[in-house]
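First up is the structure itself, then whatever we jot down about it.
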Amino acid sequence: MDKFRIDSHKLVFHPQRVGAWLKGELVYPIYMEVSLAGACNHRCVFCALDFMGYQQRKLDTGMFLKRLAEMGRLGLKSIMYAGEGEPLLHPDVVGITQATRAAGIDVAFTTNGVLLKPAVTEQILPHTEWIKVSFNAGTPESYARIHRCQAKDFHTVLANLKHAVEFRRQNRLSCTLGLQILLLPDVESEVDQLATLARDLGLDYLVVKPYSQHPQSITQTYKGVSYDNACRLKERLAAYTTDRFQCLVRLDSMRQWDQASKGYKHCNALPFWSYIDAGGNVWGCSMYLNDERFLYGNINTQTFQAIWDGDARRQSLEFVKHELDVCKCRINCRMEQINQYLWDLTEAPPPHVNFI
């Protein structure tokens with residue numbers, strides 16, 4: 001059972017925000033992805049955002065702290081620090097984490113974990129809801145090849161996580177700690193090894209996630225990947241689940257590879273989330289980074305409220321509503337199930353909805 005709803009969505013837990021949107025009111029995002037740094041210390045062979053160029057840029061700390069306080073007041077509920085680079089490369093990541101939580105915003109990280117050193121862990125864990133480490137092999141040799149890094153990083157990350165688990169236990173913290181592996185043909189045979197490592201480390205979960213080809217990606221290596229055997233993999237990995245550890249195969253997401261079309265005609269999810277890149281640009285969708293039609297503004301020169309209430313965002317939403325072909329969007333978009341939910345709610349409810 002996926003108690004974290006990683007292979008589902010959680011918009012159903014925000015009925016007030018959805019209700020306001022249904023009435024045509026302006027709503028501020030619930031969730032945001034933020035890239036603190038454009039650079040990365042790995043060059044993963046599957047990197048979806050390789051087209052961003054791993055630029056040596058980072059969010060200005062003073063400016064961003066002001067925007068955090070503002071976004072918290074406007075109703076932003078969560079930020080995942082990830083993006084086109086490694087978030088822990090930002091020199092002020094500790095202070096930013098603490099300020100995010102102080103603004104009333106839940107904090108999470110998706111990271112490769114190399115820089116999740118004990119000193120950093122001990123300062124961010126008390127303020128963080130979850131940390132998911134991208135860890136895409138079960139052996140040092142495969143890890144080095146997939147992440148295009150030194151094999152020693154494999155052991156560094158595991159040591160960092162071991163400390164994080166122990167620090168969490170000693171301080172009775174609630175931060176969820178997990179690993180995520182992309183199910184690539186190169187490493188499919190090593191998933192069992194990784195599940196064993198994750199469970200024995202005392203982590204909360206291992207997520208097995210399908211690859212998703214970004215239309216702008218330079219890499220095309222895994223474009224034709226297939227997930228015909230995913231059901232058998234899920235059954236096999238169920239053996240690793242305990243009362244404290246879950247092995248989650250994102251089977252629903254994998255099934256989307258076989259769908260000829262989407263179950264909805266319009267993207268309605270954009271009012272509920274947003275993306276800020278390491279240059280401070282606010283985007284409507286991470287699939288359309290560098291596409292001016294999805295650029296709302298920049299937090300270095302505008303308040304977030306001015307951006308969210310502005311003409312650029314309004315025009316972007318009009319384009320999405322009337323012109324965007326969702327069938328050309330990325331397979332396994334994170335907003336996929338949210339879009340299906342909103343479509344069913346507004347345009348195509350199933351029969352007998354009153355028989356709850």
Side-chain angles (χ1 to χ4, degrees), residues 6-7 39-52 54 80-89 108-116 130-162 164 176-201 203-214 217-227 229-230 233-234 236-237 240 245-251 253-254 257 330-332 334:
I6 291 174
D7 204 26
C40 191
N41 52 338
H42 284 182
R43 290 293 185 273
C44 299
V45 296
F46 56 80
C47 182
L49 299 184
D50 55 4
F51 65 92
M52 294 293 285
Y54 310 107
M80 180 183 74
Y81 290 115
E84 72 261 28
E86 167 53 49
L88 297 182
L89 279 170
F109 285 91
T110 294
T111 170
N112 59 43
V114 176
L115 299 175
L116 193 65
W130 55 263
I131 297 175
K132 184 189 299 177
V133 172
S134 178
F135 200 91
N136 297 282
T139 65
E141 296 75 22
S142 295
Y143 179 91
R145 177 170 48 82
I146 296 296
H147 283 250
R148 289 196 285 193
C149 66
Q150 298 183 60
K152 67 178 183 180
D153 283 359
F154 180 93
H155 303 289
T156 296
V157 175
L158 294 180
N160 289 344
L161 286 170
K162 182 178 181 181
T176 299
L177 300 168
L179 291 182
Q180 176 174 281
I181 182 172
L182 279 182
L183 189 59
L184 305 174
D186 318 49
V187 292
E188 185 172 351
S189 62
E190 298 182 11
V191 176
D192 290 81
Q193 292 168 268
L194 188 55
T196 301
L197 282 171
R199 181 194 61 195
D200 294 349
L201 270 175
L203 299 177
D204 298 295
Y205 63 74
L206 169 67
V207 173
V208 182
K209 179 182 178 181
Y211 174 74
S212 176
Q213 180 66 44
H214 195 297
S217 292
I218 297 171
T219 179
Q220 300 281 314
T221 304
Y222 303 103
K223 187 175 183 178
V225 69
S226 173
Y227 292 112
N229 298 319
L233 176 65
K234 184 173 183 176
R236 189 175 84 233
L237 293 180
Y240 296 93
F245 175 78
Q246 288 186 281
C247 203
L248 304 169
V249 179
R250 293 189 59 181
L251 199 59
S253 298
M254 292 177 187
W257 281 91
R330 187 179 183 182
I331 298 175
N332 288 320
R334 182 59 190 163

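Given the structure is predicted, the values throughout are model-derived calculations rather than measurements.
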Sub-4.5 Å side-chain heavy-atom contact between [X] and [Y]:
| X | Y | answer |
| --- | --- | --- |
| Val191 | Val208 | yes |
| Pro140 | His155 | yes |
| Trp130 | Thr110 | yes |
| Leu183 | Leu233 | yes |

Look up atom [atom1] in [X] and atom [atom2] in [Y], then write down how far apart they are to the nearest 0.5 Å.
| X | Y | atom1 | atom2 | value |
| --- | --- | --- | --- | --- |
| Thr139 | Gln193 | OG1 | CD | 6.5 Å |
| Leu206 | Ile181 | CG | CD1 | 7.0 Å |
| Lys223 | Ile331 | NZ | CD1 | 10.0 Å |
| Leu179 | Leu161 | CG | CG | 6.0 Å |
| Leu251 | Lys234 | CG | NZ | 5.0 Å |
| Gln180 | Leu248 | CD | CG | 10.5 Å |

- Set of residues satisfying side chain to side chain donor-acceptor pair (under 3.5 Å) with respect to Arg334, sequence neighbours excluded: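 None.
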
- Message: Restricting to side chain to side chain donor-acceptor pair (under 3.5 Å), what partner residues turn up for Asp200, sequence neighbours left out?
- Response: none

Minimum heavy-atom distance between [X] and [Y], given as atom pair plus value:
| X | Y | answer |
| --- | --- | --- |
| Val187 | Ala137 | CG1-CB, 4.0 Å |
| Ser134 | His147 | O-CE1, 3.3 Å |
| Thr111 | Gly113 | OG1-N, 2.9 Å |
| Gly85 | Cys40 | CA-CB, 4.3 Å |
| Ala230 | Met254 | CB-SD, 3.4 Å |
| Gln150 | Ala144 | C-CB, 4.1 Å |

- Task: Could you pull out all residues at least two apart from Ser189 that satisfy side chain to side chain contact (heavy atoms under 4.5 Å, CB included)?
- Result: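 By the side chain to side chain contact (heavy atoms under 4.5 Å, CB included) rule, Ser189 matches no residue at all.
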
- Start with the C-alpha gap between Arg145 and Asp186, add the side-chain angles, then the distance that decides, and say whether side chain to side chain contact (heavy atoms under 4.5 Å, CB included) holds. CA-CA 10 Å; Arg145 177 170 48 82; Asp186 318 49; 3.4 Å; yes

- Query: What residue among Val157, Thr156, Asn160, Leu88 forms side-chain contact (heavy atoms from CB on, under 4.5 Å) with Leu115?
  - Reply: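 One option only clears the test, and that one is Leu88.
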
- Task: Report the residues that fulfil ring pair (Phe, Tyr, Trp, His ring centres under 6.0 Å) with Phe109, sequence neighbours left out, ordered by chain and then residue number.
- Result: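 For Phe109 the ring pair (Phe, Tyr, Trp, His ring centres under 6.0 Å) partners, ignoring immediate neighbours, are Tyr81.
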
- Message: If the condition is ring pair (Phe, Tyr, Trp, His ring centres under 6.0 Å), which residues does Phe154 pass it with, not counting sequence neighbours?
- Response: Phe135, Tyr143

Backbone of [Y] reached by a side-chain donor or acceptor of [X] within 3.5 Å:
| X | Y | value |
| --- | --- | --- |
| Asp204 | Leu177 | yes |
| Asn136 | Leu182 | yes |
| Gln213 | Thr219 | yes |
| Arg199 | Phe245 | no |

- Query: Listed by chain and number, what are the salt bridge (charged side-chain N to carboxylate O under 4.0 Å, His left out) partners of Glu84, not counting sequence neighbours?
  - Reply: Arg57

- Are the aromatic ring centres of Phe46 and Tyr222 under 6.0 angstrom apart? no

